[in-house]
Amino acid sequence: MSAPTSAGPASKQSSSAATDPAIVFDRVGVDYGRGRKTTVALAEFSLRVAAGETVALLGPSGSGKSTALKALAGFVRPTSGRVRLAGRDVTDLSPAKRGIGVVVQSYALFPHMRVAENVAFGLRSHRVPRGEIGPRVREALEMVGMADYGRRLPRELSGGQQQRVAIARALAIRPAVLLLDEPLAALDAQLRQSMLTELQQLRKALPDTAMLYVTHDQAEALALADRIAVMRDARLVDVDTAENLWRRPPSSFTAAFLGGANLLPCTVKHITGSVALVQCGERTLRAEAPKPGVGQLEWAPDDEGLLCVRPHTVQIGSTNERDAVLGSIVSSVWRGSVTRLHLDVTGLPVELTADVPGHVDTAVGAVVGVKLPDTAGVLIPAPVGSESRSAGASSGATA
Ligand code: ADP
Ligand code: MG
């Protein structure tokens, strides 16, 4: 471990801190184990987070989210690449010297220490002068609404309260960077919702703090993040604002993971600007064809693609409605606010998933009229090679 550099380089680093991103992952790789037992947990991972920005790392279990956080916090050593905080390369620094606030799913409070002592612990290890510790502990506990609980032991608190204390402990050091690893995952659904609102308020109260928020729950990512970084199999798949990723998913994986999607194999017939006519089985449909990303080819006739149709945009009605095609119901599951139908639709190559408002009481095998919107969906590049695994039709329709 090298000590922080002094004078010369340090002053140069601080002068650039205003313009450097708060967080930089520069092609970070992390392997666990050696030889034949090696697990590649993170590969060529690059991401920048600005001061004041919240980025959610979203992906299924095992996709490398926690590993990315640990590499930044200093709990695991990258096998390759560098991590920087405000322009300063911290790859070789110990966790304590990075000054990052970290909150994990399991709270990780010291069970034998009272709440105030738990919060003070980090301040002591950061060598905050003794006289400042009391006020800083109170300030941090106030931020999370726990000012009256300083003398309790962790076991005398509910799960939600323990997580608030863990957040206060992370905030007490006034970190420029706050990392949260599935902080709500251990809470029940109702509490998770109210904690989510509290985290939104906390976000507003810390306008200069960069936050990296790990979750496998798209609802949390949509609620909190300025941008979402979608991860899969140790790699970053897509990163953009939540709205862009949701409206125009750049990949089939992101389409399915964020919002749920029907992904219909199709061929481009005709293209004008950002509107395409595509052939889906026996049907010709209109699609939005977003400009491809940097380094990708423009859409052209005969290109193979996937038409992403959101389940909530599919309409079900009577069979004699105008523009309706026939579909027979394969399955029907009531989910409270919507009923999820799987439909075998005339002329379409794969089954269609539809989320219809309310409780739809239609028997399996019944034939209904199915309508897609005028612009049926967004065109997405067909996955290549191993990517095609699990990107299938409605498998990801998890909304
Ligand atoms: P996520 O947080 O997205 O669920 P992780 O970053 O925890 O994923 O894990 C990524 C991969 O690395 C998984 O395959 C996991 O099994 C593996 N992994 C994580 N930690 C270790 C470890 N300490 N030793 C070996 N393999 C690990
Ligand atoms: Mg994890």
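Indexing begins at 1, ligand by ligand and atom by atom, following the structure's order.
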**Student:** Strictly less than 4.0 Å: does any protein heavy-atom distance to atom 21 (C) of ligand 1 fall in that range?
**Tutor:** yes
**Student:** Quick test: of every protein heavy atom, which one is nearest to atom 6 (O) of ligand 1, and how far off is it to 0.1 Å?
**Tutor:** Thr67 OG1, 2.5 Å
**Student:** Show which atoms of ligand 1 fall inside a sub-4.0 Å distance from at least one heavy-atom site of Pro60.
**Tutor:** 3 (O)
**Student:** What protein heavy atom sits nearest atom 15 (C) of ligand 1, and how far off is it?
**Tutor:** Thr39 CG2, 4.8 Å
**Student:** Identify, for atom 8 (O) of ligand 1, the protein heavy atom at the shortest distance, and state residue, atom and that distance.
**Tutor:** Gly64 N, 3.2 Å
**Student:** Spell out, yes or no, whether Leu277 and Leu306 are grouped together once hydrophobic residues are joined by side-chain heavy atoms under 4.5 Å, including indirect joins.
**Tutor:** no
**Student:** Under 4.5 Å between side-chain heavy atoms, chaining through other members, with only Ile, Leu, Val, Met, Phe, Trp and Tyr counted: pull out the rest of the cluster around Val275, sorted by chain and number.
**Tutor:** none
**Student:** Does Ala41 reach ligand 1 with a nitrogen or oxygen that is under 3.5 Å from one of the ligand's nitrogen or oxygen atoms?
**Tutor:** no
**Student:** With atom 2 (O) of ligand 1 as the reference point, say which of Ala68, Ser66, Ala234, Gly62 has the nearest heavy atom.
**Tutor:** Ser66
**Student:** I'd like to know whether Leu57 forms a side chain to side chain contact (heavy atoms under 4.5 Å, CB included) with Val230, so could you lay out the CA-CA distance, the side-chain angles of the two residues, the decisive distance to 0.1 Å, and finally the verdict.
**Tutor:** CA-CA 6 Å; Leu57 287 186; Val230 180; over 6 Å; no
**Student:** Is it the case that the side chains of Ser194 and Thr197 hold a donor-acceptor pair, with the cut-off being a distance below 3.5 Å and no angle test?
**Tutor:** no
**Student:** For Leu352, which of Leu341, Asn262, Val330 qualifies under side chain to side chain contact (heavy atoms under 4.5 Å, CB included)?
**Tutor:** Asn262
**Student:** Quick test of your reading: applying side chain to side chain donor-acceptor pair (under 3.5 Å), list the pairs with at least one residue in residues 360-379, sequence neighbours left out, ordered by first then second residue.
**Tutor:** Glu321-Lys371
**Student:** Do any heavy atoms of Ser63 fall under 4.0 Å from ligand 1?
**Tutor:** yes
**Student:** Please state which protein non-hydrogen atom is closest to atom 3 (O) of ligand 1 and give its distance, to 0.1 Å?
**Tutor:** Lys65 NZ, 2.8 Å
**Student:** Less than 3.5 Å apart, any donor N or O on the side chain of Ser332 or Arg340 sitting next to an acceptor on the other?
**Tutor:** no
**Student:** Ion pair present between Glu288 and Arg248, side-chain N to carboxylate O less than 4.0 angstrom?
**Tutor:** yes
**Student:** Let me check your reading of the structure: within less than 2.8 Å of the Mg ion (ligand 2), is there an N/O/S atom from Gln105?
**Tutor:** no
**Student:** What is the nearest protein non-hydrogen atom to atom 25 (C) of ligand 1, stated with its residue, atom name and distance?
**Tutor:** Tyr32 CB, 3.3 Å
